[in-house]
Amino acid sequence: MDAPANAELPVVVIGAGPVGLAAAVHLLDQGLEPLVLEAGFTAGAAVREWSHVRLFSTWGEVVDPAAEKLLASTGWTKPDPAAYPSGGDWADLYLRPLADALGERVRHDARVTGVSRAGRDRIVDADRENRPFVVHVTHTGGGEERLYARAVIDASGTWATPSPAGADGLPALGERAAAARVTYRVPDLGNPAVRARYAGRRTAVIGSGASAFTALAYLADLATSDDGADTKSVWILRRGISGSTFGGGEADQLPARGALGLAAKAAVDDGHADAVTGFRTEAIEQAADGRLILAGEDGRRLDPVDEVIVLTGFRPDLTFLDELRLDLDERLQAPVALAPLIDPNQHSCGTVYPHGHRELSHPEKGVYLVGMKSYGRAPTFLAMTGYEQVRSVAAAIAGDLESADRVELTLPETGVCGGAGLFDAPDATDGGSGCCTPTPQLIQLGVPVAVIEADAAKETSTGGCCGS
């Protein structure tokens, strides 16, 4: 069967998360028909997996302006712009209503397994750009279908592909065998079964970002509760502790993000967590009693732990894009023009330059990776960045280059100059305060678990992650 003409086809958006749904709205605003394909059974399926974690961005920063206009036409009322939603709030109060407003343009239980040009594999040049895209989709139960698209926007994120404990980017020896005691998510300690898993136990937390801060704060709270006696954390850092380790503190223009780092500092200062620095995990061994021993590349072997929480970031799943001609940075796996702007060696959330369709384009015209997926392995993504990306991309697909090139985005400063650093720089353990980060001051924070149920506008101990 001949493929249909491109102009008659929808733009396929992969993923019904915050950025994917926003992309659909912006496409509609440009007079284009979107088709959103979501592997899960509900909008924001990945967000719902961390529904217990509170964002460090307010409602005013995580609702796309065009989506807000569409929702307003349905009678939707925006939550308090100054309040901090949890992942569950974001999904229930924003993403689900937005997907409902888009109606049949959003399909659930539709996992994309491949994208190519109709009748053209990766090798063939002839008439390539005139051929529509073909998208292969599978459904629960094994059903398959082939869909055609005029363009493809991949907003599938990176949630499903967390990075391993191994410092070389590969799973540590024994990591797979220890799977029953290893998790790659911030635990939901409000769940009785999960709480029992960590209460009174010794847990290693591997990672140095916002997710690790959240886990440390949650476990510290558990340690002070009636059912959490003897709960202890071992915080594993691949580099040393410096002034920027805990973020920008009170200098962060997102106060909740700064407070999160201070909560992690409090966990260490109060003795609920022991920090082990310069430790690169090479193996996870099982002790005779079933507990786990972390072995480092330098020969160190840590005391046994009951559980391991690996929060070392995420990476993009590029397998279903193999037949497309993508231009990706060899290190970050982000679009090559975007990579220098988001390199974590140089940039934090607040120092990323404005960018749009030109930085997100590829040799395969009409394909865009957006949202967290566009950042590859870089960790410093904010929702507002994704919303501006898809506004620009939708305009470019519609041919409105004037609008597409008018990219305006001002991100809140982290209070940390440049990047976080990825290795042990000579000054990484000097205890200094960094080039613009004041030494974090310990402040009394609210109980992290209680924040989930409290009025977020009145709390300062909010969690979250740049990928939220």
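When a residue number appears, it is its place in the shown sequence, counting from 1. Computed from a predicted model, the values in this text were never measured in an experiment.
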Colleague: Does a side chain donor of either Gln389 or His355 reach within less than 3.5 Å of an acceptor in the other side chain?
Modeller: yes

Colleague: Any side-chain to backbone donor/acceptor pair from Ser156 onto Ile14? Under 3.5 Å, distance only.
Modeller: no

Colleague: Are the side chain of Glu359 and the backbone N or O of Gly356 linked by a donor-acceptor pair below 3.5 Å?
Modeller: yes

Colleague: Just so I know, are the side chains of Leu360 and Val370 near enough to count as touching, which here means a heavy-atom distance under 4.5 Å?
Modeller: yes

Colleague: Would Val53 and Thr214 count as a side-chain contact (heavy atoms from CB on, under 4.5 Å) if you check the C-alpha gap in whole Å, the side-chain angles of each, and the deciding distance to 0.1 Å?
Modeller: CA-CA 8 Å; Val53 177; Thr214 303; 4.3 Å; yes

Colleague: Taking only residues two or more places apart in sequence, or in another chain, which ones meet Asp121 in a side chain to side chain contact (heavy atoms under 4.5 Å, CB included)?
Modeller: Ile123, Val124, Glu323

Colleague: Quick one: does Arg197's side chain have a donor or acceptor within less than 3.5 Å of a partner on Pro187's backbone?
Modeller: no

Colleague: Write down the atom of Ser374, the atom of Gly371, and the distance for their closest heavy-atom approach.
Modeller: OG-O, 2.6 Å

Colleague: State whether Phe133 and Arg117 meet the cation-pi test: NZ (Lys) or CZ (Arg) under 6.0 Å from the six-membered ring centroid, and within 45° of the perpendicular axis.
Modeller: yes

Colleague: For the CZ atom on Arg111, are there more than 12 heavy atoms of other groups (residues, nucleotides or ligands in this structure) within a distance under 6.0 Å?
Modeller: no

Colleague: Give me the atom names and distance for the closest heavy-atom approach of Gly40 to Ala45.
Modeller: CA-CB, 4.0 Å

Colleague: Just one of Ile206, Ile309, Val310 clears the side chain to side chain contact (heavy atoms under 4.5 Å, CB included) bar with Val182, so which one?
Modeller: Val310

Colleague: Looking at Arg195 and Leu189, would you say the former's side chain and the latter's main chain have a donor-acceptor pair under 3.5 Å?
Modeller: yes

Colleague: So which atom in Arg131 and which in Ala118 form the shortest heavy-atom distance, rounded to 0.1 Å?
Modeller: NE-O, 2.9 Å

Colleague: Can a side-chain donor-acceptor contact be found between Asp109 and Thr140 if the only test is distance below 3.5 angstrom?
Modeller: yes

Colleague: Nearest 0.5 angstrom please: Leu382 CG to Thr385 OG1, how far?
Modeller: 5.0 Å

Colleague: For Leu28 and Glu33: C-alpha separation, side-chain torsions, deciding distance, then whether side-chain contact (heavy atoms from CB on, under 4.5 Å) applies.
Modeller: CA-CA 6 Å; Leu28 284 173; Glu33 188 64 24; 4.2 Å; yes

Colleague: Backbone N or O of His108 within a donor-acceptor pair of the Glu38 side chain at under 3.5 Å?
Modeller: no

Colleague: If you look only at distance, which donor and acceptor atoms sit under 3.5 Å apart when one is on a side chain in residues 390-403 and the other is two or more places apart or in another chain?
Modeller:
unit_1, atom_1, unit_2, atom_2, d
Arg391, NE, Glu388, OE1, 3.3
Arg391, NE, Glu388, OE2, 3.2
Arg391, NH1, Ser403, O, 3.2
Arg391, NH1, Ser403, OG, 3.2
Arg391, NH2, Glu388, OE2, 3.0
Arg391, NH2, Ser403, O, 3.3
Arg391, NH2, Arg406, O, 2.8
Ser392, OG, His357, N, 2.9
Ser392, OG, Ala404, O, 2.7
Asp400, OD1, Ser403, N, 3.2

Colleague: Using salt bridge (Lys or Arg N to Asp or Glu O under 4.0 Å) as the criterion, list what pairs up with Asp127, not counting sequence neighbours.
Modeller: none

Colleague: To the nearest 0.5 Å, what is the distance between OG (Ser57) and CG (Leu55)?
Modeller: 6.0 Å

Colleague: Locate the shortest heavy-atom distance separating Leu311 from Ser211; write the atom from each residue and the value.
Modeller: CD1-O, 3.4 Å

Colleague: Answer whether the closest heavy-atom distance between the side chains of Tyr218 and Tyr198 falls below 4.5 Å.
Modeller: no

Colleague: Do Arg185 and Pro162 have side chains that get closer than 4.5 Å, going by heavy atoms?
Modeller: yes

Colleague: Is Asp327 reaching over with its side chain to a backbone N or O of His362, donor-acceptor style, under 3.5 angstrom?
Modeller: no

Colleague: Where is the tightest heavy-atom contact between Ser163 and Arg315, given as atom of each residue plus distance?
Modeller: OG-NE, 3.4 Å

Colleague: Give a yes or no on whether the backbone of Thr58 and the side-chain of Glu61 come within a donor-acceptor separation of less than 3.5 Å.
Modeller: yes

Colleague: Could you give the side-chain donor-acceptor pairs of residues 94-103 under 3.5 Å, partners two or more places apart or in another chain?
Modeller:
unit_1, atom_1, unit_2, atom_2, d
Tyr94, OH, Asp64, N, 3.1

Colleague: I want to check something: taking the side chain as every heavy atom from C-beta on, are Pro18 and Tyr387 in contact at a cut-off of under 4.5 Å?
Modeller: yes

Colleague: Is there a side-chain contact between Leu27 and Gln30, using heavy atoms and a 4.5 Å cut-off?
Modeller: no

Colleague: Counting only N and O atoms by type, is there a donor-acceptor contact under 3.5 Å from the side chain of Lys373 to the main-chain atoms of Leu318?
Modeller: no

Colleague: Any non-hydrogen side-chain atom of Leu35 less than 4.5 Å from a side-chain atom of Arg107?
Modeller: yes

Colleague: Kindly determine whether Leu32 and His26 satisfy side-chain contact (heavy atoms from CB on, under 4.5 Å), including the steps that lead there.
Modeller: CA-CA 9 Å; Leu32 301 174; His26 285 284; over 6 Å; no

Colleague: Evaluate side-chain hydrogen bond (donor to acceptor under 3.5 Å, both in side chains) for His139 paired with Glu145, printing each intermediate quantity in order.
Modeller: CA-CA 9 Å; His139 306 280; Glu145 64 178 315; 2.8 Å; yes

Colleague: Spell out, as yes or no, whether a donor-acceptor pair under 3.5 Å connects the side chain of Trp76 to the backbone of Leu93.
Modeller: yes

Colleague: Going from OG on Ser116 to CZ on Phe320, what distance comes out if it is rounded to the nearest 0.5 angstrom?
Modeller: 13.5 Å

Colleague: Take Val134 and Val115 through the test side-chain contact (heavy atoms from CB on, under 4.5 Å) and record every step on the way to the result.
Modeller: CA-CA 6 Å; Val134 59; Val115 182; over 6 Å; no

Colleague: Supply the atom-to-atom distance Thr161 OG1 to Phe314 CZ, rounded to the nearest 0.5 angstrom.
Modeller: 8.0 Å

Colleague: What residues, two or more places apart in sequence or in another chain, satisfy side chain to side chain contact (heavy atoms under 4.5 Å, CB included) together with Asp322?
Modeller: none

Colleague: Determine whether a donor-acceptor pair (N or O, by modelled atom type, separation under 3.5 Å) exists between the side chain of Trp235 and the backbone of Ala267.
Modeller: no

Colleague: Is the shortest heavy-atom distance from the side chain of Leu37 to the side chain of Val135 under 4.5 Å?
Modeller: yes

Colleague: Measuring from atom CZ of Arg48 to atom CH2 of Trp90, what distance do you get when rounded to the nearest 0.5 angstrom?
Modeller: 12.5 Å

Colleague: Mind listing the closest non-hydrogen atom pair of Thr158 and Gly376 along with its distance?
Modeller: CG2-O, 4.2 Å

Colleague: Given side chains that start at C-beta, do those of Lys78 and Val63 come closer than 4.5 Å, heavy atoms only?
Modeller: yes

Colleague: Which value, rounded to the nearest 0.5 Å, describes the distance between Asp188 atom CG and Thr183 atom OG1?
Modeller: 11.0 Å

Colleague: Please list every donor-acceptor pair under 3.5 Å in which a side-chain atom of residues 328-336 meets a protein atom from a residue at least two apart or in another chain.
Modeller:
unit_1, atom_1, unit_2, atom_2, d
Asp329, OD2, Arg331, N, 3.0
Asp329, OD2, Leu332, N, 2.8
Arg331, NH1, Asp343, OD2, 3.4
Arg331, NH2, Asp343, OD2, 3.3
Gln333, OE1, Arg377, NE, 2.8
Gln333, OE1, Arg377, NH2, 3.4

Colleague: List the steps and the verdict of salt bridge (Lys or Arg N to Asp or Glu O under 4.0 Å) for Asp125 and Arg120.
Modeller: CA-CA 8 Å; Asp125 291 334; Arg120 302 290 186 271; over 6 Å; no

